[in-house]
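First comes the structure, then the notes that go with it.
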Amino acid sequence: MSAGIRITGGRKGVAAIAAAAFFGVPVATFGAACKQEQAVYVDRDAAYELRFTPLNSPSAAASNQFKVSVLRTAVVMEGYVMPSEDPVRAIGILMFNCPEGDVTGADLNACTVWQGAVYGVDGEGEMDNLQPEGAAAAEKLVLPGLGPAIRESSAWGEGKASVAPWDVLVFKECAT
């Protein structure tokens, strides 16, 4: 099994472990059976978990939504991925402690932790824009500049984040 990748319980867990052991197939290959909106990723230090959740809205402007948890703390950041054009990119935004209801642009800027391109990496190592809900989950995610952005945000400090994540997160499991 690849370092940092772990299969946990569930219907496919035992079968995946058995197949990986028998055929010598890397466990990460089984991420392709998971849809992007159910994928869960971790950073290399096991300090962060990024969990996608379904949008449940066919008219949403976003193509994906997710939460980033700073493990062993109460910090949970909210994120969205939206398509952009010229050039075509999957653009992510990650926010922490945003006010509810009617907010201004200044309010959103104050609670934005990170914003940038979101890339998915497949099992062959090919990198592309993160695909929308319904597509196969990426084996890895690349969020350029995520670590430094968190270190400079309100999510950093005493009782909050204290380890900056690497910009690459690896597939951990498929949430049910």
Side-chain angles (χ1 to χ4, degrees), residues 4 31 34-122 127-175:
C34 184
K35 298 295 182 197
Q36 192 62 59
E37 64 271 19
Q38 297 172 303
V40 180
Y41 298 85
V42 292
D43 72 308
R44 71 177 180 185
D45 298 316
Y48 291 81
E49 179 181 88
L50 186 150
R51 182 175 293 266
F52 283 93
T53 57
L55 284 164
N56 296 323
S57 173
S59 61
S63 59
N64 305 87
Q65 72 178 357
F66 60 93
K67 292 182 187 287
V68 174
S69 300
V70 181
L71 301 177
R72 295 173 291 284
T73 74
V75 174
V76 178
M77 297 172 271
E78 306 270 337
Y80 295 92
V81 180
M82 297 155 281
S84 74
E85 295 180 13
D86 199 22
V88 174
R89 292 282 186 266
I91 301 297
I93 185 167
L94 184 63
M95 300 165 286
F96 179 62
N97 280 346
C98 284
E100 296 289 323
D102 208 12
V103 296
T104 66
D107 292 332
L108 287 176
N109 284 337
C111 68
T112 297
V113 171
W114 171 85
Q115 188 170 353
V118 180
Y119 300 105
V121 180
D122 67 18
M127 189 160 70
D128 197 358
N129 289 312
L130 182 69
Q131 298 303 303
E133 286 190 352
E139 296 296 322
K140 296 179 183 177
L141 299 179
V142 180
L143 290 85
L146 178 64
I150 288 177
R151 194 173 32 249
E152 297 297 320
S153 76
S154 62
W156 185 266
E158 187 73 30
K160 298 179 185 174
S162 60
V163 174
W166 189 243
D167 295 350
V168 177
L169 302 161
V170 294
F171 181 83
K172 173 185 174 189
E173 64 188 359
C174 190

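When all heavy atoms of Tyr41 and Leu169 are compared, the closest pair comes out as CB-CB, 3.8 Å. When all heavy atoms of Asp107 and Pro99 are compared, the pair lying nearest together is CB-CG, 4.0 Å. In terms of heavy-atom proximity, Phe171 sits nearest to Ala39 at CE1-CB, 4.0 Å. Minimum heavy-atom separation, Ser84 to Ile91: OG-CG1, 3.6 Å. Residues Asp167 and Pro148 approach most closely at OD1-CD, 4.3 Å, considering heavy atoms. Taking every heavy atom of both residues into account, Ala60 and Leu55 meet most closely at CB-CD1, 4.3 Å.
Surrounding CH2 of Trp166 are at most 12 heavy atoms belonging to other residues, nucleotides or ligands under 6.0 Å away.
Arg51 has a carboxylate O that lies under 4.0 Å from a charged side-chain N of Glu173, or vice versa, which qualifies the two as a salt bridge. Ion pairing of Glu49 with Lys172 is present here, as a side-chain N (NZ or NE/NH1/NH2) and a carboxylate O approach within less than 4.0 Å.
Taking CG of Asp43 as the reference point, atom CG of Leu71 lies at 7.5 Å (rounded to 0.5 Å). Taking CG of Leu130 as the reference point, atom CD of Gln36 lies at 4.5 Å (rounded to 0.5 Å). Atom CG of Asn56 and atom CD of Gln65 lie 7.5 Å apart (nearest 0.5 Å). With rounding to the nearest 0.5 Å, the separation of CD in Glu78 from CE in Met95 is 7.0 Å. Rounding to the nearest 0.5 Å places CG of Leu94 at 6.5 Å from CG of Leu146. To the nearest 0.5 Å, atoms CD (Gln115) and CD1 (Ile93) are separated by 4.5 Å.
Checking side-chain atoms of Asn129 against main-chain N and O of Tyr119 turns up no donor-acceptor pair under 3.5 Å. Trp114 places a side-chain N or O within donor-acceptor distance of the main-chain N or O of Pro144, the cut-off being under 3.5 Å. A donor-acceptor distance shorter than 3.5 angstrom exists from the side chain of Lys160 to the backbone of Ser154, with no hydrogens or angles considered.
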Does the side-chain contact (heavy atoms from CB on, under 4.5 Å) test come out yes or no for Val68 and Val76, once each step is laid out? CA-CA 6 Å; Val68 174; Val76 178; over 6 Å; no
Steps toward side-chain contact (heavy atoms from CB on, under 4.5 Å) verdict (Gln131, Asn64): CA-CA 9 Å; Gln131 298 303 303; Asn64 305 87; over 6 Å; no
Quick one, Tyr48 with Ile150, criterion side-chain contact (heavy atoms from CB on, under 4.5 Å). Give me CA distance, side-chain angles, the key distance, then yes/no. CA-CA 11 Å; Tyr48 291 81; Ile150 288 177; 3.6 Å; yes
List the steps, then state whether side-chain contact (heavy atoms from CB on, under 4.5 Å) holds for Val121 with Val142. CA-CA 8 Å; Val121 180; Val142 180; 3.9 Å; yes
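At least one side-chain heavy atom of Val81 sits less than 4.5 Å from a side-chain heavy atom of Phe66. Counting heavy atoms from C-beta outward, Leu141 and Phe52 have side chains that approach closer than 4.5 Å. At a threshold of 4.5 Å between non-hydrogen side-chain atoms, the residues Val113 and Glu152 do not count as touching. The shortest side-chain heavy-atom distance between Ser63 and Glu133 does not fall under the 4.5 Å cut-off.
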